Amino acid sequence: MGKFLRIFFGCHARPDRSFFFHGRQFPICARCTGELIGILFGIPIAVFIGYASVPVTILMTLPMVADGFLQLLTHYESTNYRRLATGFLFGIAFDFLIIYFHRTCVMIAGEILKLFMDEEKVEMGMEYFLFALPYRGIVG
């Protein structure tokens, strides 16, 4: 399982950037652990509470991007808990971005299908796929 997680996240799994539990290193680093937890938490958040607007979703990704680039380009060294927190926000935002990607694909496919099929039937199908997960607009 650990090897799969490292491959899935493209994780370096460096010991100095990973958490340990009972003397054993987590299979992925602190940032990837945060992303994984965020992805898992983001699903029920999106289903039961709703998902954020696109600008807010993009803002949720910025802390991780900024933290990573600061470490890369300067002598700044982030803490594992900061990596966990920024990864968590990114993971939730990742779920929201997947929802927006899905909605965009349904809209494009619907417009294409309208060229070949009854527009009313296509609209009904699009409603089914678009409103299965309603936008409730958390922040924004």
Side-chain angles (χ1 to χ4, degrees):
M1 179 64 133
K3 187 174 184 179
F4 167 75
L5 286 173
R6 281 192 292 278
I7 292 168
F8 182 75
F9 283 97
C11 183
H12 53 69
R14 285 176 39 182
D16 61 322
R17 293 188 178 177
S18 298
F19 290 114
F20 285 79
F21 184 72
H22 290 297
R24 296 189 64 202
Q25 181 182 342
F26 277 30
I28 51 179
C29 71
R31 182 166 286 130
C32 292
T33 300
E35 287 179 52
L36 177 61
I37 294 168
I39 289 168
L40 295 174
F41 270 73
I43 295 167
I45 289 171
V47 171
F48 297 113
I49 298 172
Y51 51 96
S53 65
V54 173
V56 172
T57 300
I58 291 170
L59 282 174
M60 289 171 67
T61 66
L62 292 181
M64 187 182 95
V65 172
D67 191 49
F69 273 109
L70 272 173
Q71 283 190 149
L72 181 66
L73 302 174
T74 68
H75 293 292
Y76 165 76
E77 187 69 28
S78 186
T79 66
N80 282 344
Y81 290 107
R82 183 170 290 135
R83 291 184 189 106
L84 180 75
T86 59
F88 179 76
L89 276 176
F90 188 90
I92 294 172
F94 183 77
D95 285 345
F96 296 167
L97 290 171
I98 288 174
I99 292 168
Y100 280 111
F101 178 73
H102 168 263
R103 294 178 66 83
T104 302
C105 289
V106 169
M107 298 290 282
I108 291 169
E111 293 304 316
I112 292 170
L113 284 174
K114 285 179 187 177
L115 299 172
F116 305 102
M117 295 177 63
D118 179 32
E119 191 171 321
E120 191 174 304
K121 287 182 181 178
V122 173
E123 286 290 333
M124 285 175 42
M126 286 174 61
E127 278 185 39
Y128 175 77
F129 282 105
L130 290 177
F131 296 111
L133 192 60
Y135 173 73
R136 292 191 188 96
I138 324 172
V139 190

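Only a predicted model underlies this, so the values are computations on that prediction, with no experimental measurement involved. For reference, positions follow the sequence shown, starting with 1. Because only heavy atoms are used, hydrogens play no part in the values below, and waters and symmetry mates are left out as well, while side chains stay in.
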Residues 112-125, side-chain donor-acceptor partners within the protein, below 3.5 Å, at least two apart:
{"from": "Lys114", "atom 1": "NZ", "to": "Glu111", "atom 2": "OE2", "distance (Å)": "3.1"}
{"from": "Lys114", "atom 1": "NZ", "to": "Glu123", "atom 2": "OE2", "distance (Å)": "2.3"}

Any chance you could lay out the side-chain contact (heavy atoms from CB on, under 4.5 Å) test for Phe26 and Phe21, step after step, and finish with the verdict? CA-CA 7 Å; Phe26 277 30; Phe21 184 72; 3.7 Å; yes

Which is it for Arg83 and Gln71 under the side chain to side chain donor-acceptor pair (under 3.5 Å) test, yes or no, and what are the steps along the way? CA-CA 11 Å; Arg83 291 184 189 106; Gln71 283 190 149; 2.8 Å; yes

Assess whether side-chain contact (heavy atoms from CB on, under 4.5 Å) is satisfied between Leu84 and Ile37, documenting all intermediate values. CA-CA 9 Å; Leu84 180 75; Ile37 294 168; 4.3 Å; yes

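Note on Met60 and Val54: same hydrophobic cluster, where clusters join Ile, Leu, Val, Met, Phe, Trp and Tyr whose side-chain heavy atoms are under 4.5 Å apart, directly or indirectly. Phe90 and Leu5 fall into different hydrophobic clusters, where Ile, Leu, Val, Met, Phe, Trp and Tyr side chains are chained together by heavy-atom contacts under 4.5 Å. In the hydrophobic clustering of this structure, Ile45 groups with Tyr51; members are Ile, Leu, Val, Met, Phe, Trp, Tyr whose side-chain heavy atoms approach within less than 4.5 Å, directly or through other members. Hydrophobic clustering (side-chain heavy atoms under 4.5 Å, transitive across Ile, Leu, Val, Met, Phe, Trp, Tyr) keeps Phe101 apart from Phe96.
Atom CD1 of Ile28 sits about 5.0 Å away from atom CZ of Phe9, to the nearest 0.5 Å. Note that the CD1 atom of Ile108 and the CE atom of Met126 stand 10.0 Å from one another [nearest 0.5 Å]. Ile98 CD1 to Thr57 OG1: the interatomic distance, rounded to the nearest 0.5 Å, is 12.0 Å. Between Met64 atom CE and Phe69 atom CZ the span is 10.0 Å, to the nearest 0.5 Å. Taken to the nearest 0.5 Å, the CZ atom of Arg14 stands 9.5 Å off from the SG atom of Cys29. We find the OG1-CD1 distance between Thr61 and Ile92 to be 12.5 Å, quoted to the nearest 0.5 Å.
Classification of the Phe41-Phe88 ring pair by plane angle, with boundaries at 30° and 60°, yields perpendicular.
Residues Pro27 and Phe4 are not in side-chain contact: their nearest non-hydrogen atoms beyond the backbone lie 4.5 Å or more apart.
The salt bridge (Lys or Arg N to Asp or Glu O under 4.0 Å) analysis of residues 27-45, with sequence neighbours excluded, yields the pairs Arg31-Asp67.
Contact check on Glu77 versus Arg82 returns no salt bridge, with no Lys/Arg side-chain nitrogen under 4.0 Å from an Asp/Glu carboxylate oxygen.
Residues that satisfy the ring-ring contact (aromatic ring centres under 6.0 Å, His included) test with Tyr81, not counting sequence neighbours, are Phe19.
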